[in-house]
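Throughout, protein chains are lettered first and strands after them, A, B, ... in sequence-line order, and every chain is numbered starting at 1.
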2 protein chains.
Amino acid sequence: MRKDSRLSRVLHVLIHLEMADQPVTSDKMAEMLSTNPVVVRRTMALLRDRGYVRSSKGHNGGWSLAKPLDEITLLDIHKALGEASVFTIGLTDEHTNCPIEHAVNASLKDVMNEAEKLMLKRFGEITLDLLGAEFKT
Amino acid sequence: MRKDSRLSRVLHVLIHLEMADQPVTSDKMAEMLSTNPVVVRRTMALLRDRGYVRSSKGHNGGWSLAKPLDEITLLDIHKALGEASVFTIGLTDEHTNCPIEHAVNASLKDVMNEAEKLMLKRFGEITLDLLGAEFKT
DNA sequence: TCATCATGTAACTTTAATTGTTACACAATA
DNA sequence: TATTGTGTAACAATTAAAGTTACATGATGA
């Protein structure tokens, strides 16, 4: 099953951003991430919409933090990226009226909701400066 | 992100299987699931490999349970389907030696592991007869 | 002011993985 | 022995994300 590594990538970039004393261009980031500047802009735009980063044009332009890392949580970034669900496991579309199908889906949904809730709670507890701190030790 | 609904589908089918007094053909199942008999065989073959179901050929052939539902857990089926991870969130390939990237991935991995562990624990606690029981009430 | 650097974004192509399909071999049974 | 069913290889279709191209627009500094 395909994985979405935007979260991992963008966190990586944000922490680098904090250490830079100048805006960092999409080109530089793309190079870091072995990807394309347009892809970077697409993803970063989602964060800008939420006020976590800023972009500027022209000479010495690029991306910079709009908020200190200790005020941004993993959950914030995860939400900004707008992935519908964290699970690869999906439920069947219940176009039938089969009560068994409904029961199965309800059970699965319960378990997945519980796990997702736990995960998002943890994400909410981790600010991005902690990620940076961890590597500095 | 694409979802894998094989788990949901196959559970649905297994509970139906229990109630059938004859083997059920791949064609019937495919119709139930609005899919293709070959797809059904592919998925069911994974369960047969683990001894949860049996298949027989010829007249009155088809699929039947090889184990009572109260001896099969959600976790058993999940494992049989062989999905690598339950999460849509992936980590970057660490071809670089960037310590920040490593730290970010380690943190994400921690949180995901914890959530996955919880989820699989719950899956292990739910036997398939419980799913059926739930709908009967 | 104007060449240059940078983002913004639409439109399109590529990629990767599953799912669906076709075709045919093989086995069981009425 | 015709029919019913699985087993499986090989291929096509689908789909969603990622990548790419192209060009507009804005900012900056020489």
Side-chain angles (χ1 to χ4, degrees), chain A residues 1-10 12-13 17 20 22-50 52-66 81-93, chain B residues 1-10 13 17 20 22-49 52-66 81-93:
Chain A
M1 193 66 45
R2 196 117 187 225
K3 293 302 175 59
D4 181 354
S5 57
R6 288 180 304 161
L7 180 59
S8 172
R9 288 174 152 192
V10 94
H12 179 186
V13 157
L17 264 195
Q22 286 193 354
V24 178
T25 65
S26 306
D27 274 71
K28 286 267 182 205
M29 291 180 180
E31 197 178 356
M32 271 183 51
L33 301 174
S34 326
T35 181
N36 190 290
V38 177
V39 173
V40 170
R41 287 188 200 121
R42 271 208 288 252
T43 306
M44 293 297 286
L46 297 171
L47 304 193
R48 187 191 46 216
D49 293 346
R50 303 265 182 142
Y52 303 130
V53 296
R54 243 189 306 267
S55 61
S56 57
K57 298 181 173 181
H59 287 269
N60 288 314
W63 298 90
S64 49
L65 288 176
L81 296 180
E83 181 68 64
S85 157
V86 298
F87 295 110
T88 55
I89 297 177
L91 306 179
T92 55
D93 305 339
Chain B
M1 191 69 43
R2 196 118 185 225
K3 292 302 176 60
D4 182 353
S5 57
R6 286 180 307 160
L7 181 60
S8 171
R9 286 175 153 192
V10 94
V13 156
L17 263 194
Q22 287 192 355
V24 178
T25 66
S26 305
D27 275 71
K28 287 267 184 207
M29 290 180 181
E31 197 178 356
M32 269 182 52
L33 300 175
S34 327
T35 181
N36 189 289
V38 176
V39 173
V40 170
R41 288 189 198 117
R42 270 209 286 251
T43 307
M44 294 297 286
L46 296 172
L47 304 193
R48 189 191 45 216
D49 293 346
Y52 303 130
V53 296
R54 243 190 305 267
S55 61
S56 56
K57 298 179 172 183
H59 287 268
N60 288 316
W63 299 89
S64 50
L65 288 175
L81 296 180
E83 181 68 63
S85 157
V86 298
F87 295 109
T88 53
I89 297 177
L91 306 180
T92 55
D93 306 340

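Every residue was checked against the side-chain hydrogen bond (donor to acceptor under 3.5 Å, both in side chains) condition with B:Arg54, not counting sequence neighbours, and none meets it. In this structure, the side-chain hydrogen bond (donor to acceptor under 3.5 Å, both in side chains) partners of A:Ser55, at least two apart in sequence or on a different chain, are A:Arg48. Legend: residues meeting salt bridge (charged side-chain N to carboxylate O under 4.0 Å, His left out) with B:Asp4, ordered by chain and number and at least two apart, are B:Arg6.
Residues from residues 56-64 of chain A lying near DNA chain C, meaning a heavy-atom separation below 4.0 Å, are A:Ser56, A:Lys57, A:Gly58, A:His59, A:Gly61, A:Gly62, A:Trp63 in numerical order.
If you measure from atom CG of B:Asp27 to atom C1' of D:dT3, you get 14 Å, rounded to the nearest angstrom. Protein atom NZ of B:Lys28 is 12 Å distant from nucleotide atom P of D:dT6, rounded to whole Å. In this structure, B:Met29 places its CE atom 12 Å from C1' of D:dG5, rounding to the nearest Å. The CD-C1' distance, from B:Gln22 to D:dG5, rounds to 13 Å in whole Å.
When all heavy atoms of A:Ser8 and B:Gly90 are compared, the closest pair comes out as CB-O, 3.7 Å. Closest of all the heavy-atom pairs between A:Met1 and B:Arg2 is SD-O, 3.4 Å. Taking each heavy atom of A:Lys3 and B:Ser85 in turn, the nearest pair found is NZ-CB, 3.4 Å.
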Would you tabulate the side-chain donor-acceptor contacts of residues 23-30 of chain A under 3.5 Å, counting partners in other chains and residues two or more places apart, or write 'none'?
residue	atom	partner	partner atom	Å
A:Thr25	OG1	A:Lys28	N	3.1
A:Ser26	OG	A:Arg41	NE	3.4
A:Ser26	OG	A:Trp63	NE1	2.9

Provide a list of protein-nucleic acid N or O atom pairs under 3.5 angstrom, restricted to nucleotides 12-22 of chain D.
residue	atom	partner	partner atom	Å
D:dA17	OP1	B:Met1	N	2.8
D:dG19	OP2	A:Thr35	OG1	2.5
D:dG19	N7	A:Arg42	NH2	2.7
D:dT20	OP2	A:Asn36	ND2	3.0

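Close approach of DNA chain C to chain A, defined as any atom under 4.0 Å from a non-hydrogen atom of the protein, starts and stops at C:dT4 to C:dT18.
In this structure the side chain of A:Glu83 never reaches within 4.5 angstrom of the side chain of A:Leu7, judged on heavy atoms.
A distance of 7.5 Å separates CZ in B:Arg9 from OG in B:Ser34, rounded to the nearest 0.5 Å. Note: A:Thr92 OG1 to B:Leu33 CG = 8.0 Å, rounded to the nearest 0.5 Å. Atom-to-atom distance recorded for A:Thr35:OG1 and A:Arg42:CZ is 9.0 Å, nearest 0.5 angstrom. One finds the CZ atom of A:Phe87 at 8.5 Å from the OG1 atom of B:Thr88 (value rounded to the nearest 0.5 Å).
Each end of the helix from C:dT1-D:dA30 to C:dA30-D:dT1 yields a helix axis from five base pairs, and these two axes differ in direction by 10° (to the nearest 10 degrees).
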